[in-house]
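Reading through the structure tokens given below for one structure.
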Amino acid sequence: MVLRRHLPSPGTLFVFEVAARHSNFSKAADELNITQPAVSHAVASLEKHIGEKLFIRSGPNLALTEAGKKLSRVTTRAFHSIEDVLDEIEGRDDTREVVMLSISSGMATHWLMPRYSSFREEFPNTDLQFQLLPGSVGGPLHNCDLGLPRCCGGRCAQARWLVCTRTGSGHRSTGLCA
């Protein structure tokens, strides 16, 4: 495929699309669960590879150049088209609810997975997505709906379930007693 020669890596297009949508590298980093310098590096790599600046940088403020606007329109349309086709192929239903869990790998393996088939039977229209974390869940949660604590020997190491409310202006973590 000739497109591969035009890109340092396919991932740079994903990073660019998110950065262009937010007009902010930090917000793009939050959405992608990577660091702000990683976003900046990916965009700079793409700019160097194609030989065009895609953003006008002025401190924390970003604006798309004409080339950036053009690439942003095309990548956004292309990603939406790909997503639509994947939804169609996978038979996804827009009425399905997605719940993002921030969960330790041990909790996922030893507590959640043995109960997963029962969960699917009880909630057939809910898809779970996972953000696996080493160790126990604690501190602020990002881009998730629920954080489950690590459990040892049938007793939870923490007596709280952490809920992360997604909002347009950011995320707010709230502790709820188990």
| Measuring from Arg120:CZ to Thr126:OG1, what's the distance to the nearest 0.5 Å? | 8.0 Å
| message | Return the OG1 to NZ distance between Thr75 and Lys70, rounded to the nearest 0.5 Å. | response | 13.0 Å
Applying side-chain contact (heavy atoms from CB on, under 4.5 Å), name anything that partners [X], two or more places apart in sequence or on another chain.
X	value
Thr76	Glu17, Ser72, His80
Ser9	Thr12
Ala38	Ile34, Thr35
Arg77	Arg73, Val74

| query | With sequence neighbours left out, what residues match His22 under side chain to side chain donor-acceptor pair (under 3.5 Å)? | reply | Glu31
| field | By side chain to side chain donor-acceptor pair (under 3.5 Å) - contacts of Glu122 (at least two apart) | value | none
| note | Glu47 meets the salt bridge (Lys or Arg N to Asp or Glu O under 4.0 Å) criterion, sequence neighbours left out, with Lys53, Arg57
| message | Suppose we screen for salt bridge (Lys or Arg N to Asp or Glu O under 4.0 Å). Which residues come up paired with Lys69, at least two apart in sequence or across chains? | response | Glu66
| request: Report the residues that fulfil ring-ring contact (aromatic ring centres under 6.0 Å, His included) with Phe123, sequence neighbours left out, ordered by chain and then residue number. | output: Phe119
What I'd like to find out is whether the side chain of [X] reaches to under 4.5 Å of the side chain of [Y], using heavy atoms alone.
X	Y	result
Leu54	Leu46	yes
Val98	Leu128	no
Ile56	Leu62	no

| request: Determine, step by step, whether Val99 and Asp127 satisfy the side-chain contact (heavy atoms from CB on, under 4.5 Å) criterion, reporting the C-alpha distance in whole Å, the side-chain angles of both residues, the deciding distance to 0.1 Å, and the verdict. | output: CA-CA 6 Å; Val99 175; Asp127 290 328; over 6 Å; no
| ring-ring contact (aromatic ring centres under 6.0 Å, His included): which pairs involve residues 50-79, sequence neighbours left out? | Phe14-Phe79, Phe16-Phe55, Phe25-Phe55
